[in-house]
There are 2 protein chains.
Amino acid sequence: MTRSEENYLKTIFHLGGGDSKSITTNAIAEQMETKPSSVTDMAKKLSEKGLVDYVRYQGVSLTGAGVKTALSIIRKHRLWEVFLVEKLDFTWDEVHEVAEQLEHIKSEKLIDKIDELLEFPKYDPHGDPIPTKDGKFQERDEKLLSEMPINSKGICVGVKDSSVPFLKFLDKNKIALGNTIKVMDKEDFDNSLRIQMEGKEMRISHQIASNLYVKKND
Amino acid sequence: MTRSEENYLKTIFHLGGGDSKSITTNAIAEQMETKPSSVTDMAKKLSEKGLVDYVRYQGVSLTGAGVKTALSIIRKHRLWEVFLVEKLDFTWDEVHEVAEQLEHIKSEKLIDKIDELLEFPKYDPHGDPIPTKDGKFQERDEKLLSEMPINSKGICVGVKDSSVPFLKFLDKNKIALGNTIKVMDKEDFDNSLRIQMEGKEMRISHQIASNLYVKKND
DNA sequence: AATTAAATTTAGACAAAACTAAAAATAGGT
DNA sequence: ACCTATTTTTAGTTTTGTCTAAATTTAATT
């Protein structure tokens, strides 16, 4: 497994090619900021290795082996993110770039020990689930804040957009994972929300609300 | 800085090319298990970048910038080794391979935080000094056990050979860094030593004694 | 069913890092 | 000073991953 191969598998998984849905070369190229022709080359190689099914002009989807490999990389990425935040005081907007490098370190013992050190976390700093060693996902019953009905309560458990600007915005506005949320009111005009977060009232744009995951209470 | 460039600089430093001594391409090739012709190519590239002085048919030596870069990689390698042993319960014979990968992670913040987490260790698990952030070495007054006079005492502080077999041998014989050592007697015949280690008497071959560093007490 | 626009693949090239085999330079011994 | 063995470099290939530009296939529209 080269680093490049691993990055392709990860991207295909994230684009939804895990459940045998076919992902186009263009979509992969755009996501990875490379050219479609490069993707074609890699598709052939990964197909040779039995990690993806590739049909010319149709796209690629991960095989069982491909999913397994992708999950192991995602697992490493997310565990390293937790490590950086929990043990080294990184902020959640700083971890992605470094984890992109650390996820390629080849040592099963290393990642298992990191997992143990962190006491087997189930979610990463952005609320994304960490696959278990045997590739199982800890799915959670969550919905977007923008889809919560008025008067419903919940806990903020994840972000959909984990870009640096969005995360910094959340920090600035004291919106953090784990916070309690109650939807007070919706504004028809611009779809903004009036919410209570940890008891304090605030107004939130639709943009923001549609990028925050909430676990419903009642 | 590519990974390969970093590995060359590190090797040149270890072969003694830090103090402007010229190291031959052959020596580098042997150390890195590659071919002299490959070394020549890299020597030209590193010379272009101002990291080594290279004279055809004469060899290479590190420039100031080259030494600085080499030390920063060695620093990272050794700090990661300490991390693996102290925080993840790796044994001292398991750390090298993984540290070889981790040393190439690019993030100044990461290594500084690891340093802090470990409380700024001065030596790695094999007793090798860890360069400071500004490239200074913590040299220690140490000598090989084989060179200690009879009746002198000291503390075992490092290994010269840090190969897996040697380290495992030391473990098996309960020889560890930090142990007190007293040289009782030398055998002229085979240069073996009779020593007291942590109070217990044992016999040690010249082979072993010439790969253990000791800090003299008196 | 034909045409056209968009997506995708092919073909050929390049850069990095390595290798092999052949050529060139150095150093040692007489 | 010359010859020879060794070391080192050069020249030409290979592999991996990328690119551009041209060719092909698919899909959408009429």
Side-chain angles (χ1 to χ4, degrees), chain A residues 1-17 20-62 66 69-70 73 100-101 103-106, chain B residues 1-17 20-62 66 69-70 73 100-101 103-106:
Chain A
M1 273 281 102
T2 68
R3 180 167 300 223
S4 187
E5 288 170 347
E6 291 186 346
N7 283 332
Y8 273 96
L9 292 177
K10 199 180 47 159
T11 300
I12 295 165
F13 183 91
H14 280 135
L15 290 173
S20 69
K21 206 196 307 170
S22 216
I23 306 296
T24 66
T25 43
N26 248 17
I28 298 167
E30 191 179 351
Q31 182 73 24
M32 299 187 71
E33 298 186 303
T34 180
K35 303 293 164 179
S37 55
S38 307
V39 178
T40 299
D41 289 343
M42 185 56 84
K44 286 177 186 164
K45 198 210 279 198
L46 292 174
S47 175
E48 285 285 314
K49 296 198 173 187
L51 294 164
V52 304
D53 292 319
Y54 167 55
V55 183
R56 269 161 66 249
Y57 295 101
Q58 297 306 127
V60 297
S61 61
L62 297 175
T69 308
I73 299 156
E100 286 283 299
Q101 300 180 60
E103 73 189 4
H104 299 293
I105 301 290
K106 278 159 188 56
Chain B
M1 273 279 102
T2 69
R3 181 166 301 224
S4 187
E5 288 170 347
E6 291 186 348
N7 283 332
Y8 272 95
L9 292 178
K10 199 179 46 156
T11 301
I12 295 165
F13 184 91
H14 280 135
L15 289 173
S20 70
K21 206 197 306 169
S22 216
I23 306 298
T24 66
T25 43
N26 250 16
I28 297 166
E30 191 179 350
Q31 181 73 23
M32 298 187 71
E33 298 186 302
T34 182
K35 304 292 164 179
S37 53
S38 308
V39 178
T40 300
D41 289 344
M42 185 55 83
K44 286 177 186 164
K45 198 208 282 196
L46 292 175
S47 175
E48 285 285 314
K49 296 198 174 191
L51 295 163
V52 303
D53 290 320
Y54 168 55
V55 183
R56 270 161 64 245
Y57 295 101
Q58 296 307 126
V60 297
S61 60
L62 297 175
T69 307
I73 300 156
E100 286 284 300
Q101 299 181 60
E103 73 189 5
H104 299 294
I105 301 290
K106 277 157 190 57

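To find a chain, count down the sequence lines: A is the first, B the second, and so on, and within it residues start at 1. Since we're looking at a predicted model, the values are computed, not measured.
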query = Does the side chain of A:Y54 get closer than 4.0 angstrom to OP1 or OP2 of C:dT9 through an N or O atom?
reply = yes
query = OP1, OP2 of D:dT16 versus side-chain N and O of A:R3: anything below 4.0 Å?
reply = no
message = In this structure, how many angstroms lie between the P atom of D:dT26 and the CG atom of A:N26, rounded?
response = 16 Å
key: From NE2 (B:H104) to CD1 (B:I73), nearest 0.5 Å   = 7.0 Å
ask   = To the nearest angstrom, how far is B:E6 atom CD from C:dA16 atom C1'?
value = 15 Å
key: Distance, rounded to the nearest Å, where A:D41 contributes CG and C:dT9 contributes P   = 10 Å
task = Would you indicate whether the side-chain heavy atoms of A:I28 and A:I12 approach each other to under 4.5 Å?
result = yes
task = Using atom CD1 of A:I28 as one end and atom P of C:dA7 as the other, report the distance to the nearest whole Å.
result = 15 Å
query = Taking only N and O in the side chain of B:S4, is any of them less than 4.0 Å away from OP1 or OP2 of C:dA18?
reply = yes
ask   = Just how far is it from atom NZ of A:K10 to atom CD of A:E100, taken to the nearest 0.5 Å?
value = 3.5 Å
task = Nearest whole angstrom, please: distance from the C1' of C:dA18 to the CE of B:M42.
result = 9 Å
query = With respect to the phosphate group of C:dA16, does any side-chain polar atom (N or O) of B:Y8 fall under 4.0 Å of OP1 or OP2?
reply = no
task = Would you please confirm or rule out a distance under 4.0 Å between OP1 or OP2 of C:dT8 and any side-chain N or O of A:S37?
result = no
inquiry  = Please tell me if B:S38 has a side-chain N or O lying less than 4.0 Å from either OP1 or OP2 of C:dC19.
reply    = yes
ask   = Between C:dT10 and A:K44, is there an OP1 or OP2 to side-chain N/O distance shorter than 4.0 Å?
value = yes
key: C:dT8 OP1/OP2 closer than 4.0 Å to side-chain N/O of A:T25   = yes
ask   = How about A:L51 and A:Y8: do any of their side-chain heavy atoms sit closer than 4.5 Å?
value = no
remark   = Per atom distances to the B:Y57 side chain, the nearest of C:dT10, D:dT9, D:dT20 is D:dT9
ask   = Would you say A:V60 and A:T24 make side-chain contact, with heavy atoms under 4.5 Å?
value = no
key: Integer-rounded Å distance: C:dA24 P and B:Q58 CD   = 19 Å
Proximity to the side chain of A:K35 - top-ranked nucleotide from C:dT8, D:dC19, C:dT9 = D:dC19
query = Taking CE from B:M1 and P from C:dA16, how many angstroms apart are they, rounded to a whole number?
reply = 13 Å
inquiry  = Is the phosphate of C:dT10 approached by A:R56 (side-chain N or O, under 4.0 Å from OP1 or OP2)?
reply    = yes
note = Between CD of B:E33 and P of C:dC19 the distance, given in whole Å, is 11 Å
